[in-house]
Amino acid sequence: HRFRNEELLERALTHASYANEHPPAAHHEVLAFLGDAALALAVAEYLLGAEPDASVGVLTQRRAEVVAGANLARWAAELELGSLLRLGRGEEQTGGRARESILATGLEAVLGVVHLEGGLAAVRTAVGRLALW
């Protein structure tokens, strides 16, 4: 995905700790909320297509495994997303760039921007590349 809105991407890369130290900077939590939902839908669609006869319980468990924080953090690390995040001093000093929860939330926020700019089709493409179906 080629990002078109630089300000939106910057917000996606801005952790709340940075925003708190640099008002009026906006943080990425709302974008992460959107990205989480788009990610879950893209993964659910993929799983349903791959296993149309699977039970809801099986599909739910598989979706949870795919979208788990550890996977998101691993994908974010592979993209070197940690080096792009804007963190507050405390998070910077305590290794926030490598923290699983921060990487996972940052990736969700970036996926939120992908959704806003390119819709669910763009999210499907991005997730397909990350998840290496």
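What you see is a predicted model; the values in this text were computed from it and never measured. When reading the values below, keep in mind they use all heavy atoms of this one structure, side chains included, and skip hydrogens, waters and symmetry mates.
In the hydrophobic clustering of this structure, L120 does not group with V30; members are Ile, Leu, Val, Met, Phe, Trp, Tyr whose side-chain heavy atoms approach within less than 4.5 Å, directly or through other members. Using a 4.5 Å cut-off between side-chain heavy atoms of Ile, Leu, Val, Met, Phe, Trp and Tyr, with links allowed through other members, Y46 and V58 fall into different hydrophobic clusters.
Counting heavy atoms from C-beta on, the side chains of L9 and L13 come closer than 4.5 Å. With contacts defined as side-chain heavy-atom distances shorter than 4.5 Å, the pair E45/L41 qualifies. Between R62 and V66 there is no side-chain heavy-atom pair separated by less than 4.5 Å. With a 4.5 Å cut-off on side-chain heavy atoms, W75 and L81 do not count as touching. With a 4.5 Å cut-off on side-chain heavy atoms, L8 and L31 count as touching. Contact check for L107 versus L130: side-chain heavy atoms found under the 4.5 Å cut-off. Between L72 and E100, every side-chain heavy-atom pair lies at or beyond the 4.5 Å cut-off.
One N or O on the side chain of H22 and one on the backbone of Y18 form a donor-acceptor pair closer than 3.5 Å. Using a distance-only test at 3.5 Å, with no hydrogens or angles considered, a donor-acceptor pair links the side chain of R11 to the main chain of H27. Remark: side-chain polar atoms of T105 are not paired, donor with acceptor, to backbone N or O of I102 under 3.5 angstrom. The backbone N or O of E108 sits nowhere less than 3.5 Å from a side-chain atom of D36 that would complete a donor-acceptor pair.
A12 approaches H28 most closely through the heavy-atom pair O-ND1, 2.9 Å. Residues G69 and A104 come closest through the heavy atom pair O-CB, 3.8 Å. Scanning all heavy atoms of the two residues, the minimum distance from G96 to L87 falls at C-CD1, 3.8 Å. Minimum interatomic distance between R63 and A40 (heavy atoms only, all atoms of both residues): CD-O, 3.6 Å. Closest non-hydrogen pair, S17 versus G88, comes out as OG-N, 2.8 Å.
If you run salt bridge (Lys or Arg N to Asp or Glu O under 4.0 Å) between R86 and each of E10, E92, E21, only E10 comes through. Exactly one residue among R97, R99, H15 makes a side chain to side chain contact (heavy atoms under 4.5 Å, CB included) with L85. That residue is R97.
Side-chain contact annotation: E117 with H1, donor-acceptor N/O pair under 3.5 Å present.
Heavy-atom contacts from other residues, nucleotides or ligands closer than 6.0 Å to CZ of F33 number 12 or fewer.
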CA sep, side-chain torsions, deciding dist, call: N5, V113, side chain to side chain contact (heavy atoms under 4.5 Å, CB included): CA-CA 9 Å; N5 186 328; V113 175; 5.8 Å; no
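We find the CZ-CG distance between R124 and L39 to be 12.5 Å, quoted to the nearest 0.5 Å.
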